[in-house]
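The structure under discussion appears below in the form of structure tokens.
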Amino acid sequence: MSPGEKLITIKFISTDQKIDFETFAKKTDKISIFENFLYEKYPEYKDTENYFLVNGKKLNRNITLEENNIKDNDILTLGIYDE
């Protein structure tokens, strides 16, 4: 962590209600880091076509939390296109 950098709390849930996971993150972390972690913890989502939403807005997994306008205590929803 850089000096002055703060951690935020983010929560992941899924539309099928199987994921309910909270973690700490830096605003400079990319969504893809957490996506990969979720797939390790919940491998059944690894082979599905997924997307993430926060406050109804689709997230870009290749940019940072800050660039996606993720704030402390935001809830990120994992959705599956096949549903």
Side-chain angles (χ1 to χ4, degrees):
M1 282 183 44
S2 303
E5 191 170 35
K6 295 181 181 179
L7 293 176
I8 63 171
T9 301
I10 55 175
K11 183 175 183 173
F12 289 90
I13 61 171
S14 59
T15 54
D16 63 6
Q17 301 179 345
K18 292 180 182 176
I19 294 176
D20 187 356
F21 176 76
E22 195 169 302
T23 188
F24 294 104
K26 297 184 295 184
K27 288 185 174 188
T28 55
D29 290 338
K30 292 184 179 182
I31 299 289
S32 59
I33 292 170
F34 300 100
E35 182 178 23
N36 291 330
F37 178 76
L38 283 173
Y39 294 158
E40 288 177 22
K41 189 168 174 72
Y42 302 95
E44 64 269 26
Y45 295 94
K46 194 173 193 172
D47 294 326
T48 57
E49 192 172 339
N50 306 312
Y51 59 91
F52 291 92
L53 298 173
V54 69
N55 300 321
K57 181 184 168 215
K58 187 176 174 197
L59 300 178
N60 181 337
R61 60 180 40 103
N62 298 310
I63 62 175
T64 66
L65 298 174
E66 186 171 39
E67 292 169 318
N68 272 299
N69 295 313
I70 305 294
K71 310 265 187 286
D72 191 28
N73 294 313
D74 272 349
I75 298 172
L76 287 68
T77 304
L78 180 142
I80 302 169
Y81 281 113
D82 298 332
E83 289 185 330

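As the structure is a computational prediction, the values presented were derived from the model and not from experiment.
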**Message:** Rounded at 0.5 Å granularity, tell me how far CD1 in Ile33 sits from OG1 in Thr23.
**Reply:** 11.0 Å
**Item:** Nearest atoms (heavy-atom pairs only) where Ile63 meets Glu67
**Value:** CB-OE1, 3.1 Å
**Message:** Is there a continuous path of hydrophobic side-chain contacts, each under 4.5 Å between heavy atoms, that joins Leu78 to Ile75?
**Reply:** no
**Fill in**
Closest non-hydrogen atoms of Thr77 and Ser14, given as atom of the first, atom of the second and distance, are CG2-C, 4.5 Å
**Asked** Does some side-chain heavy atom of Ile13 sit less than 4.5 Å from a side-chain heavy atom of Ile19?
**Response** no
**Prompt:** Between Glu22 and Thr9, is any pair of side-chain heavy atoms under 4.5 Å apart?
**Reply:** yes
**Asked** Looking only at heavy atoms, which two atoms of Lys11 and Asp20 are closest? And how far apart?
**Response** CE-OD1, 2.7 Å
**Ile31 vs Leu65 side-chain heavy atoms within contact, under 4.5 Å** = yes
**Message:** Would you compute the distance between atom CD of Glu66 and atom NZ of Lys71 and round it to the nearest 0.5 angstrom?
**Reply:** 8.5 Å
**Complete:** Test ring pair (Phe, Tyr, Trp, His ring centres under 6.0 Å), reference Phe21, set Tyr39, Phe37, Tyr45, output is Phe37
**Prompt:** Hey, what's the ring geometry for Tyr81 with Tyr51, parallel, tilted or perpendicular (30° and 60° as the breaks)?
**Reply:** tilted
**Complete:** For Asp74 and Asn69, the nearest pair of non-hydrogen atoms, with its separation, is OD2-O, 3.9 Å
**Complete:** Interatomic distance, CD@Glu35 vs NZ@Lys46, rounded to 0.5 Å, equals 11.0 Å
**Request:** Determine the minimum heavy-atom distance between Leu76 and Leu59, stating which atoms define it.
**Result:** CD2-CD1, 3.6 Å
**Prompt:** Do any N or O atoms from the side chain of Asp16 and from the backbone of Lys18 form a donor-acceptor pair under 3.5 angstrom?
**Reply:** yes
**Item:** Donor-acceptor contact below 3.5 Å, side chain Asn68 vs main chain Arg61
**Value:** no
**Request:** Dump the intermediate steps for side-chain contact (heavy atoms from CB on, under 4.5 Å) on Phe34 and Asp29, then the final yes or no.
**Result:** CA-CA 9 Å; Phe34 300 100; Asp29 290 338; 3.6 Å; yes
**Message:** For the CD1 atom of Ile70 and the NZ atom of Lys27, what is their distance to the nearest 0.5 Å?
**Reply:** 10.5 Å
**Prompt:** Are there more than 12 heavy atoms of other residues, nucleotides or ligands under 6.0 Å from atom CD of Glu44?
**Reply:** yes
